[in-house]
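Both counts, for ligands and for their atoms, begin at 1 and track the order of listing. In this text the structure is predicted, and so the values were computed from the model without any measurement.
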Amino acid sequence: MDIVLSGIRSTGHLHLGNYFGALRNFVKIQDSYRCFFFIADLHSLTTHPHPDDFHANVRIILSEYLASGLDPEKAVIFVQSDVPEISELYVLLNMLSYKGELERTTSFKDKVRLAKAKARNKPLNEISYDDHDDEGININAGLLTYPVLMASDILAHRSNFVPVGKDQEQHLEYARVLARRFNNTYGCDIFPEPRALDFGSGLIRVPGLDGSGKMGKSQGNGIYLCDDDRTITKKVMKALTDSGPVGPDSPMPECIANLFTLLELVSAPDTVDYFRGKWRDCSIRYGDLKKQLAEDICNTVRPIREKIDSVYNDDAYLHRVTGEGREKARASASETLALVRKAVGFKSF
Ligand code: ADP
Ligand code: TRP
């Protein structure tokens, strides 16, 4: 059976973008593949979270995974740092990774620009990647080798498919480069080349409610799975709109198209049709559209939120899930590492 693996960094609560772009698909495929889903806590260390928050952040993602329907009876659910084999593979793959290609990674360049903008208190568009490095700026080697660690996550289980969003395509490509390079360097056939998993409907990009761009943790425009009805309603009612369509062929501005994208994700098809009709004949009232959208988002999020609370506080359950996950993930990764060590030339005396 093909192996599927994916993970999310433990850097804060999950939002609707994470749910519709990633989690919901994880839940759908856990019956059809041998699935590994994990919490990427090592990856979260690039930004140096405070030790007091580190564990709680893992617990948050774990609870939100389980509350959204990931089932430990069907999928292996584990914490990245519980599987030391991943870190060992990371050391070995680092020897096959070149500084030049890592420096060309888009996400690395973006993070460098962001760090420089912050250090200089300047807007991002005034900062170039090639500017000199500021004294004391945090561009650590972990950030540079982020794709190597991600490749190690994927290759440790010899995964065939990786369900991730568009923003992760370049990282996945690098995992393929390293799989090929390892196999060629050591004359073996240990690693399959991991591919993105296509869900038929294409990759979804959940927009924010602030007019343009995607919903994201760092964009500060998220509707979170842990938000209560009042918070959600407040966020939706504040969404940016325009002054309304002026004629039957008015082009739809991005801020309104975004509301419809969200409506399509959470509402019944006839509700979407109803408001599309209202847009076309220029009788739409944005207040009504937002009220409906808020109600349908609340109905989607509420059952998940209620579960999050009970799972988050269930120490025994979380202990059991992560214990079983650790055991299964380590068993799978150690099999790979035994092959890898042999190929590289390790031998015991
Ligand atoms: P964020 O951008 O909020 O920091 P992450 O980068 O941790 O989120 O993403 C975790 C997963 O959720 C990835 O698979 C990513 O592609 C998906 N994802 C995040 N935001 C969105 C969005 N707005 N629309 C669709 N998928 C998203
Ligand atoms: N880089 C991914 C993200 O930011 C998280 C991640 C880490 C991941 N390792 C992975 C995703 C392995 C898929 C497979 O969203």
Any idea which protein heavy atom is nearest [atom], and the distance to it?
{"atom": "atom 2 (O) of ligand 1", "result": "Lys214 NZ, 3.0 Å"}
{"atom": "atom 6 (O) of ligand 1", "result": "Arg9 NH2, 3.6 Å"}
{"atom": "atom 19 (C) of ligand 1", "result": "Asn18 ND2, 3.3 Å"}
{"atom": "atom 26 (N) of ligand 1", "result": "Gly17 O, 3.2 Å"}

Which atoms of ligand 1 are found less than 4.0 Å from any heavy atom of [X]?
{"X": "Gly21", "value": "25 (C), 26 (N)"}
{"X": "Asp167", "value": "15 (C), 16 (O)"}
{"X": "Gly216", "value": "3 (O)"}

* Residues forming a side-chain contact (heavy atoms from CB on, under 4.5 Å) with Thr233, sequence neighbours excluded ->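 Applying side-chain contact (heavy atoms from CB on, under 4.5 Å) to Thr233 gives Met237, Ala294, Cys298.
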* Could I get the full list of side-chain contact (heavy atoms from CB on, under 4.5 Å) partners for Tyr312, not counting sequence neighbours? =>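 With neighbours one apart ignored, the set is Ala56, Arg59, Ile60, Ser63.
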* Give a yes/no verdict on whether any heavy atom in Arg205 is under 4.0 Å from an atom of ligand 1. =>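 Right, Arg205 reaches ligand 1.
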* Gln219 heavy atom under 4.0 Å from ligand 1 ->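 Gln219: no contact with ligand 1 (<4.0 Å).
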Ignoring angles and geometry beyond distance, decide whether [X] reaches within less than 3.5 Å of ligand 1 through its nitrogen or oxygen atoms.
{"X": "Gln168", "answer": "no"}
{"X": "Val206", "answer": "yes"}
{"X": "Ile8", "answer": "no"}

* Asked: Charged N to carboxylate O below 4.0 Å: is that the case for Arg104 and Glu101?
  ->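 Answer for the salt bridge query: no.
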* Asked: Thinking salt bridges, do Arg305 and Asp228 make one under a 4.0 Å N-O criterion?
  ->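 The answer is no: the pair does not qualify as a salt bridge.
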Rounded to the nearest 0.5 Å, how far does [atom2] of [Y] lie from [atom1] of [X]?
{"X": "Leu209", "Y": "Leu259", "atom1": "CG", "atom2": "CG", "value": "6.5 Å"}
{"X": "Leu5", "Y": "Tyr33", "atom1": "CG", "atom2": "OH", "value": "14.0 Å"}
{"X": "Met95", "Y": "Arg181", "atom1": "CE", "atom2": "CZ", "value": "14.0 Å"}

Under 3.5 Å, N/O to N/O: give me all the pairs between ligand 2 and the protein, one per line with atom names and distance.
{"residue": "ligand 2", "atom": "1 (N)", "partner": "Tyr146", "partner atom": "OH", "Å": "2.7"}
{"residue": "ligand 2", "atom": "1 (N)", "partner": "Gln168", "partner atom": "OE1", "Å": "2.9"}
{"residue": "ligand 2", "atom": "4 (O)", "partner": "Arg9", "partner atom": "NE", "Å": "3.4"}
{"residue": "ligand 2", "atom": "4 (O)", "partner": "Tyr146", "partner atom": "OH", "Å": "3.1"}
{"residue": "ligand 2", "atom": "4 (O)", "partner": "Gln168", "partner atom": "NE2", "Å": "3.3"}
{"residue": "ligand 2", "atom": "9 (N)", "partner": "Asp153", "partner atom": "OD2", "Å": "2.7"}

* Asked: CZ of Arg180: more than 12 outside heavy atoms within 6.0 angstrom?
  ->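 It does: Arg180 CZ has more than 12 such atoms within range.
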* Donor-acceptor pair, Asp210 side chain versus Leu240 backbone, under 3.5 Å? ->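 Absent.
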* Same cluster (ILVMFWY, side-chain, under 4.5 Å), Tyr224 and Ile297 ->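 No, no single cluster joins them.
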* If a pair satisfies side chain to side chain donor-acceptor pair (under 3.5 Å) and one of its residues is in residues 76-85, list it, with sequence neighbours excluded. =>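 Residue pairs with at least one partner in residues 76-85: Asp41-Ser81, His43-Gln80, Gln80-Asp153, Glu85-Arg330.
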